[in-house]
There are 2 protein chains.
Amino acid sequence: MAETLTATALTLKDIAREAGVSLATVDRVLHNRPGVRPDTVRRVKEAIERNSFQPHVAAAELARGRARRFAFVMPSGPNPFMQQIEAYLGEMAAWLSARRLSVEMVATDVFDHSVLAASLEALSGDYDGVAVVALDHPGVRAAINDLVDAGTRVVTLVSDVPSSRRHHYVGIDNIAAGRAAGALVGRLVGQRSGKVAIVAGSQGLRDHAERIFGFNQVMASEFPGLDVLPVLEGRDEDDRSEQLLARLLSRQADIVGLYNVGAGTQGVAKALGDSGRDKQVVFVGHDVTALTRRLLLQGVMDAAISQNPGHEARAAVRVLLALARGEPILREQEKIRIDIVMRDNLP
Amino acid sequence: MAETLTATALTLKDIAREAGVSLATVDRVLHNRPGVRPDTVRRVKEAIERNSFQPHVAAAELARGRARRFAFVMPSGPNPFMQQIEAYLGEMAAWLSARRLSVEMVATDVFDHSVLAASLEALSGDYDGVAVVALDHPGVRAAINDLVDAGTRVVTLVSDVPSSRRHHYVGIDNIAAGRAAGALVGRLVGQRSGKVAIVAGSQGLRDHAERIFGFNQVMASEFPGLDVLPVLEGRDEDDRSEQLLARLLSRQADIVGLYNVGAGTQGVAKALGDSGRDKQVVFVGHDVTALTRRLLLQGVMDAAISQNPGHEARAAVRVLLALARGEPILREQEKIRIDIVMRDNLP
DNA sequence: GGTGTTTTGAGGTACGCAACTCATTTTGGG
DNA sequence: CCCAAAATGAGTTGCGTACCTCAAAACACC
């Protein structure tokens, strides 16, 4: 009736006895210190395996003495996303403090690869871990790899640099996000056929390109009655997005769906409203902000694909901590999920 | 450019000096031990506040010596939900072990209030914390309160007993879940009008009742063209659900939507399939299991409202641990969100 | 067999706190 | 003002690990 998970109360001393060696030798093996014969290493590791011994994380933290320092390299400027991340880290203050962790925010121009790379290089040696909202560029990649080589744990946040040797990526699967957007547009359009517009920041941005890819995948395979128009590149700016979309709407009468991949939502909504077709066109976008919340409530937007910034902030901290401690990462826990938000399940 | 959060390196000794008292007195205040004048208590607490001192959690854990024991009281029988929770707890084995935590599964008939209450009473004194999938019944409520009074931390899991003095509820907002289901059925039905069927386990179950309430709310206010039929109570059993629904389908020709509130999904799907109307009826249900996954892929189900069992398991453990340690709970982190899952964003 | 090197053992200290004892000081009531 | 009770100080021990030193033992090589 009662089944117990876990709880070995073994200590290093027990492992030493089991392996027939001294505490010092176990310590040497555990921390990859030199001066132990391969055969002895094996015996010790076997003893650890056999008892599925786990070092007591509290004792280890206490013994190590110095606190751990993490840096979050984030976009400068009045970026609402950065503010949210920072706010959620602020909510963790007591949690961090109780674990003697320090988190520092480093604002930089993450869209300028040389500036970003320089900011990263400047961190070398000072931190146990770095989380970075990274542009995917060779210079940035090199800077990340340098950090990793210097022993710093690195996680990419929101936007990945898959070709680097970063330890982990904390963010959503953007292809899946695009697929979800496609499915929503297709389903909500219903029986009607017609054209579907896409407004993105730029197809050069990895996350935007991946979302568009996923979106098109679903549209092509499941909604053949819908015709996807060429992507409008609004550079995430309101004005430009508005102009491009307004022109498109005036020329194409049979637009039934609209996918806004990035920001510039204000402009997109304005163009749609001015055309007087905001109730007929199914409009799906990203992220729950004050603006998208209002648009959803007004019925202008039909759904938003959202990632939880609080979860991203906490996951980044947890992953960095686990990496620094040499603990396994709970992959399932740290995976950032995609939320579909409609008017009636607004958080 | 760099802003630091957290990181006080103060110790109890510092607080003692600040407050002008000895370590022993600080210790007495911190652990609510008797024998300290109210005025002195105030001075110590002020010193703690002033420096926003946080005890080093690692040192505290190490010093306390004994491991913490938690119990999970879950439905007996081949319940897939329980199996998932247990599986996710199993994945945390290393994490738990490194913190010297033990988690024990206690299977019981959670639908029989007297059996459940007895199971809870039997745990008294043996555990630091208990997570329980609880029926909302006076006897169960009393058993929970007894545990709380005995100093055990109690969280309700999935199904709440709000009138008890449990410390926390880990689970979704079921009214919101019902609302989301209603919005999905309404939107996916589209322009058509017709009738909507509801199959539930029982309206006596709090979570089912709440879901139905939320569902009806949305249907009434936003989709006046849809007519909700009386709830079919299938007791979460496949056979009974199938029979009830099959009879309804044969009598009502204009059913365009179907909301399956609880389990019995196999039976519901069978009835729908046998009627030959599985492609015309919008079918929304709950939870992502092997079965619902298949139904979604086949296009029989259109959407599933899902709660993440892994998140629930981990949140329950984290909350119990935080409560036991006297740490604050990260409410935002432990809140269980509602996921909308369609074919194209199946996890 | 002697030499130098590598490997291992034994032990200590420190980390910050919990939990305890015992002596001493302060306080309030009569 | 005295005395018992209450409040406080001073101190100890131990938790399990990291990190360090020094000496002893085992080994490899010629």
Side-chain angles (χ1 to χ4, degrees), chain A residues 7-45 47-48 51-68 96-101 128 324-327, chain B residues 7-45 47-48 51 53-68 96-101 128 151 324-327:
Chain A
T8 57
L10 294 184
T11 71
L12 282 182
K13 216 185 297 186
D14 301 311
I15 297 300
R17 188 159 16 82
E18 275 260 333
V21 300
S22 73
L23 258 177
T25 300
V26 174
D27 181 73
R28 290 179 183 114
V29 172
L30 219 53
H31 299 94
N32 304 311
R33 287 189 244 277
V36 185
R37 229 174 315 163
D39 183 64
T40 311
V41 171
R42 194 182 44 71
R43 265 163 52 220
V44 172
K45 287 197 168 162
I48 290 177
N51 300 284
S52 53
F53 167 79
Q54 288 282 129
H56 193 323
V57 65
E61 279 304 297
L62 187 56
R64 120 182 251 290
R66 55 211 169 77
R68 301 187 191 271
L96 293 168
S97 172
R99 287 158 184 77
R100 298 302 185 266
L101 303 177
D128 299 285
R325 285 177 173 170
E327 284 187 307
Chain B
T8 58
L10 295 183
T11 71
L12 281 183
K13 213 185 299 186
D14 301 312
I15 297 300
R17 187 160 17 83
E18 276 260 332
V21 299
S22 73
L23 259 177
T25 299
V26 175
D27 182 71
R28 289 180 182 112
V29 172
L30 219 53
H31 299 92
N32 304 311
R33 287 189 243 277
V36 185
R37 228 175 316 163
D39 183 65
T40 311
V41 171
R42 192 182 46 70
R43 263 164 53 222
V44 172
K45 288 197 167 163
I48 291 178
N51 301 284
F53 168 79
Q54 287 283 131
H56 193 325
V57 65
E61 278 305 296
L62 188 56
R64 90 186 279 285
R66 54 211 169 76
R68 300 186 191 273
L96 293 168
S97 172
R99 288 158 184 76
R100 298 300 184 267
L101 303 175
D128 299 285
R325 286 177 174 171
E327 283 186 308

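In what follows, every heavy atom counts, from backbone to side chain, and hydrogens, waters and symmetry copies are set aside. In this text the structure is predicted, and so the values were computed from the model without any measurement. Order of the sequence lines fixes the chain letters, A, B, ..., with proteins taken first and strands second; residue numbering starts at 1 for each chain.
Atom pair B:Arg99:CZ and D:dT17:C1' shows a separation of 15 Å (rounding to whole Å applied). Atoms CZ (B:Arg28) and P (C:dA19) sit 14 Å apart, rounded to a whole Å. Atom CZ of B:Arg43 is separated from atom C1' of C:dT26 by 13 Å (rounded to the nearest Å). We find that CD of A:Gln54 is positioned 11 Å from P of D:dT17, with the value rounded to whole Å. Atom pair A:Arg100:CZ and C:dC17:C1' shows a separation of 10 Å (rounding to whole Å applied). Going from atom CZ of B:Arg33 over to atom P of C:dC17 covers 14 Å, rounded to whole Å. Between the CD atom of A:Glu61 and the P atom of D:dT17 there is a distance of 13 Å, given to the nearest Å. A straight line from NZ of A:Lys13 to P of C:dG11 spans 12 Å, rounded to a whole angstrom.
Between A:Thr25 and C:dG9 there is a side-chain N or O to OP1 or OP2 distance below 4.0 Å. An OP1 or OP2 oxygen of C:dA18 is reached within less than 4.0 angstrom by a side-chain nitrogen or oxygen of B:His31. Distances shown here put every side-chain N or O of A:Thr11 at or beyond 4.0 Å from the OP1 or OP2 atom of D:dC15.
Counting only heavy atoms from C-beta on, B:Thr40 has its side chain closest to D:dA7 among D:dA7, C:dG16, C:dT8. The side chain of B:Asp27 has C:dA19 as its nearest neighbour among C:dA19, C:dT8, D:dC19. For A:Ala60, whose side chain is taken as the heavy atoms from C-beta onward, the closest listed nucleotide among D:dG16, C:dA18, D:dA18 is D:dA18.
Residues from residues 15-23 of chain B that place a heavy atom under 4.0 Å from any atom of DNA chain D, listed by number: B:Gly20, B:Val21, B:Ser22.
Checked against salt bridge (charged side-chain N to carboxylate O under 4.0 Å, His left out), B:Glu327 has the following partners two or more places apart in sequence or in another chain: A:Arg99, B:Arg325. The salt bridge (charged side-chain N to carboxylate O under 4.0 Å, His left out) search around A:Arg33 returns A:Asp27, not counting sequence neighbours. Qualifying salt bridge (charged side-chain N to carboxylate O under 4.0 Å, His left out) partners for B:Arg43, counting only residues two or more places apart in sequence or in other chains: none. Not a single salt bridge (charged side-chain N to carboxylate O under 4.0 Å, His left out) links A:Arg28 to another residue, sequence neighbours left out.
In this structure, the separation between OG on B:Ser97 and NE2 on A:His56 is 9.5 Å, given to the nearest 0.5 Å.
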Shorter than 3.5 Å, N or O on both sides, protein versus nucleotides 27-29 of chain C: list them out with atom names.
none

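Residue contacts for A:Gly35: at a heavy-atom cut-off of 4.0 Å it reaches a base atom on one of the strands shown.
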